[in-house]
Amino acid sequence: MDILKQFWSERLRTYLDQMARTRGIDAAGVKEVSLILQRPPKPELGDLAVPMFPFAKMFRAAPPLLAAEIAEFAGEDAEAASWGTAQADGPYVNIRVNLARVTESLFADIRSREGSYGSSESLAGNRVMIEFSCPNTNKPLHLGHLRNDSIGASVARILKANGAEVRKVNLINDRGVHICKSMLAYLKFGQGRSPESEGVKSDHFVGDYYVKFSQWARENPAAEQEVQEMLRNWEQGDEATVELWKLMNHWAIEGIESTYDKTDIVFDQVYYESSTYAKGREEVLKGLQSGIFHRDDEGTVWVDLEHIKLGKKVLLRKDGTSLYVTQDIGTAVQRYEDWPFDRLIYVVGSEQQYHFTVLFHILSQLGYSWADQLYHLSYGMVNLPEGKMKSREGTVVDADDLIDELERMAKQEIVEKGREHEVDDLDNTAEAVALGALNYYLLQVTPAKDMVFNPKESLSFTGNTGPYLQYMGARISSMLRKYEAEGLSGPAADGSLLTLQVERELIKMLAGYPDAVVQAGAELNPSVIAAYLYDLTRVFSRFYHDVPVLRAETPQLASSRIELCRAMRSVLMHACRLLGIPFLEVM
RNA sequence: GUACCCAUAGCUCAGCUGGAUAGAGCAUUAGAUUGCGGAUCUAAAGGUCGGAGGUUCGAAUCCUCUUGGGUACACCA
């Protein structure tokens, strides 16, 4: 499609140039006006549309007149004829391109690239580190984490598909007062119980004590002080405290990792706040020495960000313990030392925008030249139809529960459809469908926006959903298997035979896939792929429904349509991968 | 109070650097299976793009103001 766009835009330029000369208008001025190539609103109108409005003023002629004149030029242009035909529709020049050229290069491209069609080198040479997930070790993952994980994993794959060198990192928030809360509660009420003894998933086990702490603290004003004391003990390396911490962290992380397994979340490196906070403290003390930061009478170390209207920010408490921002300073420095990056993307909720503005600014003040290569990929909250998730009201959607429920529903669906014995493995297939539904649901919304998570809707497998995409993939696969099995492979495919409206639409969309991947990479936005993929698949569904493939009128038409289906399957697989939707041969 | 984000069909979301009659899914209604998987397809109905100005030949898109909602502004993370 690109070749054709390029050809036509150059061609139209030539015509405009000639038109300017014959009228004695400044041709250089005409060149200044940009030519807009877009898609006509209806496919019957053609494949490319060029509005003439921008040229009206310069030519002092009505746009329809200009369009007609250009169409006339094109009609007399013998070379252009092999690239398509142009026609004036009111103020627009509509071009019906010679799509066979696109089809041939599309097929050749897809064949030769063996599944990598859609990948590009637009970000080649870029070293991108991407941080996401970042769980706390005091409770299990919830729906908010799932959105974070989906976005992070998908953006990482999209960047990779654009040629970037990507390193996925996690940061486990395994220290701080909130961690001490579940520890303290366990100390008081645990009485030697364990996840095994209670038969509870280990991260949920820890989370239960976090909840217990909150209840207990409501009746005990001294609770907060006890927690602070525990944190001091921990930072001073008190043996018993550290042992308890290790035990509970082990439980929490083990549980969280099993959730990662289920959702196909993998990291190249995992950082632990407990091992980077000390470096953060060093950095802060360095800054104090060089006079960037201040220490007040009580011993608190703080930075003045008044000049950028961010007020004063404390970096070390008066008792010397670290804060969230302190450790993030240390982590960033550590990361650059470990793996010098061109870009570090933090996938973190929008409520932390202030935090990152502060963090980036501090790092820049500390003199790190890479501070301006840090980027906060901010995403919106996940709400429920009834409103916000509130832990106090118990409306937080637990990740494991949700996934279990999705799998149960998927399994039920497979059984109801009578496909229990068609699929290779019922459990695996149900898991794949559940994951496809979940990831698509979470990624179809632009990250920056808040979204509503409707449990009922997320469990639906019809319409604009992940399983819809998987279903089309399975049907194409099934058809291709039949084609192979019947040994129908006849004459070579001929793209010029694919002339139906729906075939043309499909080819144009397939040809546009690489653009979608580039755009998604540039915008760090998986929803670009999701929207593209759903549009594409809808067109394919129409094609599949209306047009016979295996029983096409002639063997050559059949093999040509099969080739189109192969192209479709290749793009579907590639795009599904980017979105974390498992591709299924059978479902 | 200050800053940032959001507002499109009953609900959930698209809408590319401004361009032809603003699109999907769900829900509602009516249809389609002697062809490759009906988890599908077709159609109907549903909109003063929160409101008001402005820029422009042309605005859902850009600018200003305004209304409504969200978030942040901790020695929590």
Side-chain angles (χ1 to χ4, degrees), chain A residues 34 36 38-42 45 49 51-54 56-57 62-63 89-92 94 134 136 138 173 175-179 181 228 273 298-302 309-311 313-319 321-325 327-328 349-355 357-358 378 380-381 383 385 388 410 413-414 416-417 419 422 433 441 444-446 448-454 456-457 460-465 467-468 470-472 474-483 515-516 519 523 527-528 530-531 534-535 538 541-542 544-552 558 561 565 586-587:
Chain A
S34 61
I36 298 161
Q38 58 191 42
R39 274 183 65 166
K42 285 186 176 178
L45 290 169
M52 284 297 115
F53 302 103
K57 196 178 249 173
D89 287 301
Y92 293 86
N94 287 329
C134 304
N136 293 331
N138 59 357
N173 294 303
R175 61 157 293 279
V177 280
H178 57 302
I179 306 301
K181 285 178 182 174
Q228 289 295 339
E273 203 183 298
E298 291 185 310
T300 307
V301 178
W302 53 277
K309 293 185 181 169
L310 291 174
K313 186 79 194 165
V314 171
L315 301 176
L316 287 177
R317 295 190 185 96
K318 55 182 168 245
D319 62 7
T321 55
S322 301
L323 286 95
Y324 180 46
V325 66
Q327 67 81 20
D328 250 355
S350 57
E351 70 275 9
Q352 294 197 33
Q353 282 183 29
Y354 169 81
H355 169 75
T357 314
V358 168
S378 154
M381 310 194 48
N383 297 315
K388 291 190 58 175
E413 186 82 5
I414 294 167
E416 269 174 20
K417 295 262 187 297
R419 299 203 49 86
E422 305 287 332
V433 171
Y441 193 90
Q444 78 189 123
V445 181
T446 304
K449 287 194 183 185
D450 287 354
M451 67 178 285
V452 173
F453 184 88
N454 185 330
K456 221 180 273 170
E457 212 175 82
S460 140
F461 301 137
T462 62
N464 189 359
T465 65
Y468 171 84
Q470 289 173 314
Y471 179 61
M472 288 318 300
R475 291 211 291 186
I476 299 171
S477 302
S478 162
M479 190 168 59
L480 293 176
R481 275 194 303 272
K482 261 181 196 158
Y483 185 76
D515 291 344
Q519 191 194 337
E523 294 177 12
S527 81
V528 170
Y534 178 66
D535 266 356
R538 244 170 14 106
S541 293
R542 199 147 40 84
Y544 179 90
H545 188 268
D546 297 345
V547 182
V549 176
L550 297 180
R551 279 163 221 178
R561 284 181 180 157
C565 291
V586 180
M587 68 184 275

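The sequence lines fix the lettering, A, B, ..., with proteins before strands; numbering per chain opens at 1.
- Listed candidates were B:rG35, B:rC75, B:rA20. Nearest to the side chain of A:Asp89 is B:rA20.
- A:Pro385 comes within contact range of no nucleotide atom at all, as no heavy-atom separation falls under 4.0 Å.
- The OH atom of A:Tyr354 sits 18 Å away from the P atom of B:rU71 (whole-angstrom rounding).
- No engagement by A:Ala530 is indicated, since no non-hydrogen atom pair under 4.0 Å with the nucleic acid exists.
- Residue whose closest nucleotide on RNA chain B sits further toward the 5' end, between A:Leu310 and A:Gly176: A:Leu310.
- A:Thr462 comes within 4.0 angstrom of sugar-phosphate atoms only, judged by non-hydrogen atoms across all strands, and of no base.
- Distance from the side chain of A:Met451 is smallest to B:rC13 among B:rC26, B:rG37, B:rC13.
- The side chain of A:Val586 lies closest to B:rG37, out of B:rG19, B:rU40, B:rG37.
- The separation of B:rC5 from B:rU12, taken at their P atoms, amounts to 22 Å, rounded to a whole angstrom.
- Out of B:rA32, B:rA20, B:rG35, the shortest distance to the side chain of A:His545 is found at B:rA32.
- Taking atom C1' in both B:rA14 and B:rU8, one finds a spacing of 10 Å when rounded to whole Å.
- Counting any heavy atom pair closer than 4.0 Å across all strands shown, A:Tyr534 reaches sugar-phosphate atoms only and no base atom.
- Residues A:Ser322 and A:Arg175 are in side-chain contact: their nearest non-hydrogen atoms beyond the backbone lie under 4.5 Å apart.
- Residue A:Asn94 places a side-chain atom within donor-acceptor reach of the base of B:rA20, judged by atom type and a 3.5 Å distance cut-off alone.
- B:rG38 atom C1' lies 8 Å from atom CZ of A:Arg475, rounded to whole Å.
- Counting any heavy atom pair closer than 4.0 Å across all strands shown, A:Ile414 reaches a base atom.
- One interatomic measurement links the two molecules: CE of A:Met381 to P of B:rA7, which rounds to 17 Å at whole-angstrom precision.
- Heavy atoms of A:Val177 sit under 4.0 angstrom from primed sugar atoms or phosphate atoms, though from no base atom.
- The residue A:Phe53 sits close to a base: some heavy atom pair falls under 4.0 Å.
- Nucleotides B:rG46 and B:rA24 have their P atoms positioned 14 Å apart, rounded to a whole Å.
- Contacts of A:Pro40 with the nucleic acid, taken as non-hydrogen atoms under 4.0 Å apart, include base atoms.
- When rounded to the nearest whole Å, the span between CD of A:Gln352 and C1' of B:rU71 equals 11 Å.
- Side chain of A:Ser541, nearest nucleotide from B:rG25, B:rC41, B:rC36: B:rC41.
- Taking atom C1' on both B:rA32 and B:rC49, the two are 34 Å apart, rounded to the nearest angstrom.
- Under a 3.5 Å cut-off, the side chain of A:Thr357 and the backbone N or O of A:Gln353 do form a donor-acceptor pair.
- For the pair A:Asp450 CG and B:rC5 P, the interatomic distance rounds to 13 Å; values are reported in whole Å.
- Contacts of A:Ile36 with the nucleic acid, taken as non-hydrogen atoms under 4.0 Å apart, include base atoms.
- Counting non-hydrogen atoms under 4.0 angstrom, A:Gln470 reaches nothing in the nucleic acid.
- Counting to the nearest Å, the P atom of B:rC75 and the CD atom of A:Gln327 are 16 Å from each other.
- Within the nucleic acid shown, A:Tyr92 comes within 4.0 Å of at least one base atom, counting heavy atoms only.
- When the P atom is compared between B:rA9 and B:rA72, the two are found 27 Å apart, to the nearest whole Å.
- Within the 3.5 Å criterion, the main-chain N or O of A:Leu323 finds no donor-acceptor partner in the side chain of A:Arg317.
- Distance A:Gln353 CD to B:rC73 P: 12 Å, rounded to the nearest Å.
- Taking atom CZ of residue A:Arg542 and atom P of nucleotide B:rA32, one finds them 20 Å apart after rounding to whole Å.
- Nearest nucleotide to the side chain of A:Lys318, out of B:rC75, B:rU40, B:rA20: B:rC75.
- When heavy atoms are screened at a 4.0 angstrom cut-off, A:Glu273 is found touching the sugar-phosphate backbone but no base atom.
- Residue contacts shown for A:Thr321 are absent, as no nucleic acid heavy atom lies under 4.0 Å away.
- The aromatic rings of A:His355 and A:Tyr324 sit parallel to each other, their planes meeting at less than 30°, with 60° as the upper class boundary.
- The separation of B:rA22 from B:rG58, taken at their C1' atoms, amounts to 15 Å, rounded to a whole angstrom.
- Of the two residues near RNA chain B, A:Ala531 and A:Lys313, the one whose nearest nucleotide lies more 5' is A:Ala531.
- Candidate nucleotides B:rC13, B:rC57, B:rA32 were compared by shortest atom distance to the side chain of A:Val452, and B:rC13 ranks first.
- To the nearest 0.5 Å, atoms CE (A:Met472) and SG (A:Cys565) are separated by 9.0 Å.
- Here the side chain of A:Arg538 is nearest to one of B:rA14, B:rG25, B:rA39, namely B:rG25.
- Comparing the P positions of B:rC63 and B:rG68 gives an interatomic distance of 22 Å, to the nearest angstrom.
- Taking atom P in both B:rU48 and B:rU61, the straight-line distance is 16 Å, to the nearest Å.
- No engagement by A:Lys456 is indicated, since no non-hydrogen atom pair under 4.0 Å with the nucleic acid exists.
- Aromatic pair A:Phe461/A:Tyr471: centroids not less than 6.0 angstrom apart.
- Dense packing is recorded around CZ of A:Arg481, with more than 12 heavy atoms of other residues, nucleotides or ligands lying under 6.0 Å away.
- Closest to the side chain of A:Lys42, out of B:rU21, B:rA39, B:rG35, is B:rU21.
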